[in-house]
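Notes follow once the structure below has been shown.
These numbers were taken from a predicted model, which means no experiment stands behind them.
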Amino acid sequence: MANLIIKRAVKKADPIADNAVRINFVKPDDTIYKSVDWTKTGVVKGNNLGYQLSGNSAWGLSSADLAAIQDKINGALGTGSNYELNAGNNTLTSGEIDTIAHGQFGGQIYLNVSAVKNQVGAIQPYAFKIDADLSTFTSLSGAAQAVLDLTSPSALTAVDGQYSTTAVTSAKGPDSGKTYSMSAAQAAQNPLLLETWFVANNIDATDQKAITSSLISSMKAQARKEFISTNVNFADFTGLPGTAFTSSSVMTYLNGHNANVLHSTKYPVAYSAPGVLAVTDQTTYVATSADAGTYGKAAKAYYAYADINLIP
């Protein structure tokens with residue numbers, strides 16, 4: 001029978017009631033980590049908890065008994081436990097159910113557990129403008145940096161971390177009523193792309209200026225939702241699931257793992273002529289604070305930025 005261990009003893013254990021079964025969780029070193037008693041009314045000491053399944057050598061439990069025992073196990077091996085069944089979900093396998101079903105009221109059952117592995121804290125960065133309230137923060141998404149081939153005539157097909165590949169749409173031109181959509185990566189790859197569209201669509205000077213300015217503003221806003229994640233390591237912020245971490249522990253981690261300063265993807269900030277996006281910039285985010293929490297849920301880290309252009 002799976003997981004059934006017959007030569008074990010619990011030292012100085014409390015007596016087991018006639019209508020109870022003691023479930024012992026056994027560590028890899030063959031010692032008892034924890035024990036819980038499950039009781040049921042109207043049963044006889046020595047009777048099995050379960051029954052042999054029809055047409056099967058395996059044993060099972062009634063759905064009500066299985067649910068009640070599973071609840072007991074979840075309570076014993078839940079939040080804060082250093083050991084777990086079956087890689088953390090603590091859900092009984094068919095072999096473990098068979099072991100329990102063979103158990104007898106007034107007796108003991110033994111189930112093997114393994115040490116809980118640390119869980120990534122999944123730090124989520126948020127950006128806010130200096131001197132603004134934290135309620136104005138924006139969640140940042142990472143982009144792995146790649147080299148942008150400015151000589152290639154083909155459209156970008158992969159995520160590029162220097163420039164956002166998310167297309168934005170301009171406001172309508174006041175005269176033509178037309179809009180244009182493009183990404184900062186496309187603008188970097190082909191600075192004349194927008195100008196070419198202006199010429200092909202007979203867009204007048206007023207609309208050219210309005211559409212270009214609108215695109216620059218929208219690309220900047222999009223870039224400030226992103227950060228270049230290359231060499232930024234959030235993955236080692238780990239701990240036992242359900243255990244607490246402090247805000248200072250998050251900040252200590254960020255400062256020691258190349259994650260206290262982030263940079264946005266690049267965006268255009270000026271143009272040499274309407275439709276020609278020639279100058280780019282980035283926003284720098286500096287970690288200022290973080291929220292406390294528990295491992296298994298994302299830690300929130302807050303990064304401040306100044307609303308200025310760093311590149312003249």
Side-chain angles (χ1 to χ4, degrees), residues 119-150 156-169 181-189 215-239 245-270 277 279-293 295-312:
Q119 188 164 356
V120 175
I123 296 173
Q124 174 59 54
Y126 292 85
F128 68 98
K129 194 187 321 184
I130 291 175
D131 296 330
D133 189 274
L134 276 179
S135 63
T136 63
F137 60 72
T138 300
S139 176
L140 298 176
S141 58
Q145 189 170 17
V147 176
L148 181 65
D149 182 4
L150 298 180
L156 294 177
T157 57
V159 171
D160 178 83
Q162 294 186 47
Y163 300 86
S164 175
T165 58
T166 300
V168 298
T169 301
S181 297
M182 69 187 307
S183 68
Q186 289 174 311
Q189 188 176 39
L215 283 172
I216 285 177
S217 178
S218 295
M219 288 178 186
K220 181 178 181 180
Q222 176 59 41
R224 285 184 171 173
K225 298 177 183 177
E226 303 169 346
F227 71 97
I228 295 176
S229 60
T230 302
N231 297 325
V232 176
N233 181 14
F234 289 148
D236 291 336
F237 184 65
T238 62
F245 57 78
T246 64
S247 59
S248 61
S249 67
V250 179
M251 294 300 295
T252 298
Y253 176 88
L254 296 178
N255 290 326
H257 289 78
N258 195 38
N260 58 319
V261 177
L262 305 177
H263 300 282
S264 76
T265 50
K266 293 181 179 179
Y267 51 87
V269 293
L277 307 178
V279 181
T280 60
D281 203 352
Q282 284 177 287
T283 295
T284 296
Y285 310 108
V286 179
T288 60
S289 63
D291 289 348
Y295 291 103
K297 296 181 180 179
K300 292 183 178 180
Y302 300 100
Y303 292 74
Y305 67 89
D307 195 14
I308 58 175
N309 294 329
L310 301 181
I311 301 175

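- Side-chain contact annotation: Tyr302 with Asp291, donor-acceptor N/O pair under 3.5 Å present.
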- Would you please test Tyr285 and Phe227 for ring pair (Phe, Tyr, Trp, His ring centres under 6.0 Å) and show each step? CA-CA 9 Å; Tyr285 310 108; Phe227 71 97; 7.8 Å; no
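- One finds the NZ atom of Lys220 at 14.5 Å from the NZ atom of Lys225 (value rounded to the nearest 0.5 Å).
- You'll find the side chain of Ile123 reaches within 4.5 Å of the side chain of Leu254, heavy atoms only.
- Interatomic distance, Gln186 CD to Ser181 OG, rounded to the nearest 0.5 Å: 9.0 Å.
- Separating the CZ atom in Phe234 from the NE2 atom in His257 is a distance of 11.5 Å, to the nearest 0.5 Å.
- Contact between Ala290 and Ser247 at its shortest, heavy atoms only, is O-CB, 2.9 Å.
- The line from OH of Tyr303 to CG of Leu140 is 8.5 Å long, rounded to the nearest 0.5 Å.
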- I would like to know whether Leu262 and Val232 meet side-chain contact (heavy atoms from CB on, under 4.5 Å); could you show each step before the answer? CA-CA 8 Å; Leu262 305 177; Val232 176; 3.8 Å; yes
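- Counting only N and O atoms by type, the side chains of Tyr267 and Thr283 include a donor and acceptor under 3.5 Å apart.
- Rounding to the nearest 0.5 angstrom, the gap separating the OG1 atom in Thr166 from the CD atom in Gln222 is 4.5 Å.
- A donor-acceptor pair is defined here as one N or O able to donate and one able to accept, closer than 3.5 Å; such a pair exists between the side chain of Gln282 and the backbone of Ser264.
- Of the N and O atoms on the side chains of Glu226 and Ser164, at least one donor lies less than 3.5 Å from an acceptor on the other residue.
- In this structure a side-chain-to-backbone donor-acceptor pair under 3.5 Å is missing from Ser218 to Leu215.
- Taking the side chain as every heavy atom from C-beta outward, Phe128 and Thr288 approach each other to under 4.5 Å.
- No hydrogens or angles considered: a donor-acceptor pair under 3.5 Å links the side chains of Gln124 and Ser139.
- Minimum heavy-atom separation, Arg224 to Ala306: NH2-O, 3.9 Å.
- Between the side chain of Tyr253 and the main chain of Asp236, a donor-acceptor pair closer than 3.5 Å is present.
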- When you look at Phe245 and Val250, which way does the side-chain contact (heavy atoms from CB on, under 4.5 Å) test go after all the steps? CA-CA 8 Å; Phe245 57 78; Val250 179; 3.6 Å; yes
